[in-house]
Amino acid sequence: MTDVEKFQHFESTYDLKKFTIDGLWYYPVVKMAVYFELAGRKGGGVGVRSGSAAGKIWRQFLWSLKWRFKSAALHPVKYLFADNALTRRQTSNGSFENIYISALQKAFAKDGQLLIEYPAPDFGHYAAVEKEHVYFPDWEIFKIFLKARIKKKKWPDQAACLKDLYQRFGLSYDAAFINDRLNKMFVFIKFFRRFLQKVRPQIILLIDGYDYKQMALIYAAKELGIPTVELQHGMIDEAHIAYMYAQVADRSLFADYLFTFGQYFSDLIKQHSVVWPERRVIPVGFPYMEAVKERPPQLPERLLDFCRRFQIIYVTSQWTVRDKLKDFILQLSAKVDDAYMIFYKIHPGEKDAQKFYESFGQAKNIALITDKTINSMEIMKVAAVHSTVYSTSYFESVFFELPNIFIEVPGYSKTIEKFVDGETTFLA
């Protein structure tokens with residue numbers, strides 16, 4: 001059985017109501033914790049800097065203090081946006097844009113909106129809005145993490161069902177990690193109750209609804225009767241653990257609505273998941289991608305120079321199989337002739353790309369792209385072919401009419417094979 005099938009079987013046969021604490025059905029939080037452990041990403045992205053607990057607390061304190069004085073004052077607004085600093089960004093006229101929400105921000109009156117942006121370990125904050133319209137909760141998050149670390153509450157009654165879930169996937173039940181995550185969850189909910197009482201938005205639009213902080217925001221919003229909308233921010237298919245549920249006991253941690261890129265994704269979610277009722281998965285398009293296609297390429301001169309001199313093979317990384325991908329790219333580099341240049345763009349979850357891909361520097365025809373503000377869609381406008389293992393960028397490249405080559409390495413998703421037609425999409 002695949003991991004997806006194991007989750008489906010577990011959700012179909014197990015009493016999911018057992019995953020309840022103080023009225024909170026927390027199974028979605030634990031499901032994502034298990035998924036990230038299976039993907040080797042528990043606790044952060046690939047290559048996160050380690051260190052002593054005291055050192056981490058001190059760094060978080062300094063970081064939080066820095067951004068505390070750069071946040072907007074809280075006041076009532078009509079629209080509240082919630083985002084993460086790791087979300088893909090694009091530079092435009094010297095400012096950074098979030099490719100998923102910037103278009104909405106521009107469409108709404110500035111005086112009636114506020115963006116809350118969570119920090120990320122290596123990315124800082126990028127907000128294409130004025131200071132008075134963006135709130136950085138870094139100081140509150142620092143206090144939440146500290147409080148969860150000091151006042152650890154135990155959940156002994158939950159051990160049996162949690163162990164059952166972990167055993168289904170051959171994992172050892174990590175009580176310390178789950179206790180820490182649940183403690184933070186409850187503290188985040190309390191924070192968002194206070195936050196929303198001050199802001200009182202009429203609607204909340206958010207990215208990455210399966211992040212536990214976003215779940216806490218959704219939970220607090222539902223208590224106050226504030227509608228929530230999750231905006232699709234990447235690839236969704238029948239194997240996407242965060243969206244595909246065979247059974248739910250409670251919808252308190254899911255946004256009220258999901259806005260998708262198109263009818264294809266809406267139909268797929270309705271067919272394979274029970275999270276949202278029929279009329280709550282709405283296709284709205286992808287205005288940013290449509291605008292990018294019409295404008296001249298916005299790339300650094302170094303990359304544009306390569307584009308003038310070479311045919312570009314554009315490869316988008318996937319952190320779950322990056323070791324296999326690295327080997328593949330080195331072999332590809334040795335085989336292609338001098339007319340080609342390989343653009344290899346790292347996944348946002350990779351934190352140590354320069355060191356991990358150091359061997360690329362010995363190849364004359366590989367350009368490693370680590371600048372996360374360079375949008376992959378801009379590269380698609382100048383590339384000859386796109387290649388990936390399993391990525392949102394596949395669907396984007398279809399929009400830009402690029403031929404695609406899926407790379408079949410151990411760990412790639414079989415769900416992509418249905419798109420292989422031998423004419424526009426191939427399997428290597």
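Looking at Lys293 and Glu290, no side-chain N of the basic residue comes within less than 4.0 Å of a carboxylate O on the acidic one, giving no salt bridge. A salt bridge links Arg322 and Asp352; the closest N-O separation between the charged side-chain nitrogens and carboxylate oxygens is under 4.0 Å. Ion pairing of Glu401 with Lys381 is absent here, as no side-chain N (NZ or NE/NH1/NH2) approaches a carboxylate O to less than 4.0 Å. Of the charged side-chain nitrogens involved, none lies within less than 4.0 Å of a carboxylate oxygen, so that Arg68 and Glu140 do not count as a salt-bridged pair. Ionic pairing of Asp15 and Lys17 is not present here: no N-O contact between side-chain nitrogen and carboxylate oxygen is shorter than 4.0 angstrom.
Checking Tyr243, Phe259, Trp276, Phe395 one by one against Phe265, the ring-ring contact (aromatic ring centres under 6.0 Å, His included) holds for a single residue, Phe395.
Using modelled atom types, one side-chain atom of Tyr100 and one backbone atom of His233 make a donor-acceptor pair closer than 3.5 Å. The backbone N or O of Tyr79 lies less than 3.5 Å from no partner atom in the side chain of Gln113, so there is not a single donor-acceptor pair. Proximity of a side-chain donor or acceptor of Thr425 to a complementary backbone N or O of Asp421 within less than 3.5 Å is not detected. Side-chain N or O atoms of Thr20 include none that pairs as donor or acceptor with a backbone N or O of Gly23 at under 3.5 Å. Remark: the backbone N or O of Leu182 is not paired with any side-chain donor or acceptor of Asn179 at under 3.5 angstrom. Within the 3.5 Å criterion, the main-chain N or O of Leu206 finds no donor-acceptor partner in the side chain of Glu230. Side chain of Gln167 to backbone of Asp164: no donor-acceptor contact under 3.5 angstrom is found. Lys345 places no side-chain N or O within donor-acceptor distance of the main-chain N or O of Ser317, the cut-off being under 3.5 Å.
Relative to the ring axis of Tyr212, Lys184 does not place its NZ or CZ within 45° and under 6.0 Å from the centre. A cation-pi arrangement is not found for Arg168 relative to Phe10, the charged atom failing to lie both closer than 6.0 Å to the ring centre and inside a 45° cone about the ring normal. Annotation: cation-pi pair Lys70/Phe136 absent, no NZ/CZ under 6.0 Å from the ring centroid and within 45° of its normal. A cation-pi arrangement, defined by a distance under 6.0 Å to the six-membered ring centre and an angle within 45 degrees of its axis, is present between Lys18 and Tyr14. A cation-pi arrangement is present between Lys326 and Phe356 under the rule of less than 6.0 angstrom and at most 45 degrees off the ring axis.
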Test log, rule ring-ring contact (aromatic ring centres under 6.0 Å, His included), inputs Phe19 and Tyr26: CA-CA 6 Å; Phe19 293 91; Tyr26 67 92; 5.8 Å; yes

Walk me through it: do Phe419 and Tyr394 pass the test ring-ring contact (aromatic ring centres under 6.0 Å, His included)? CA-CA 10 Å; Phe419 302 111; Tyr394 164 66; 5.4 Å; yes

Verdict with supporting geometry, His347 and Thr316, side-chain hydrogen bond (donor to acceptor under 3.5 Å, both in side chains): CA-CA 7 Å; His347 187 277; Thr316 46; over 6 Å; no

Verdict with supporting geometry, Phe399 and Phe286, ring-ring contact (aromatic ring centres under 6.0 Å, His included): CA-CA 11 Å; Phe399 182 78; Phe286 197 166; 8.4 Å; no

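Counting non-hydrogen atoms of other residues, nucleotides and ligands closer than 6.0 Å to CD of Glu5 gives a total above 12.
Taking each heavy atom of Val29 and Arg181 in turn, the nearest pair found is CG1-CG, 3.7 Å. The shortest non-hydrogen separation linking Leu268 to Ile236 is CD2-O, 4.2 Å. Taking both residues in full, the closest heavy atoms of Ala72 and Leu114 are given as CB-CD1, 4.1 Å, listed atom of the first, atom of the second, then distance. Annotation for Met377 and Asn375: closest pair N-OD1, 2.8 Å, computed over non-hydrogen atoms. Heavy atoms only, all atoms of each residue included: Asp237 and Met244 are closest at O-CE, 3.1 Å. The shortest heavy-atom contact between Pro201 and Ile204 is CG-CG1, 3.9 Å.
Aromatic ring orientation, Phe188 versus Phe145: perpendicular (interplanar angle above 60°, classes split at 30° and 60°). Ring pair Phe108/Phe81 is parallel by interplanar angle, where below 30° counts as parallel and above 60° as perpendicular.
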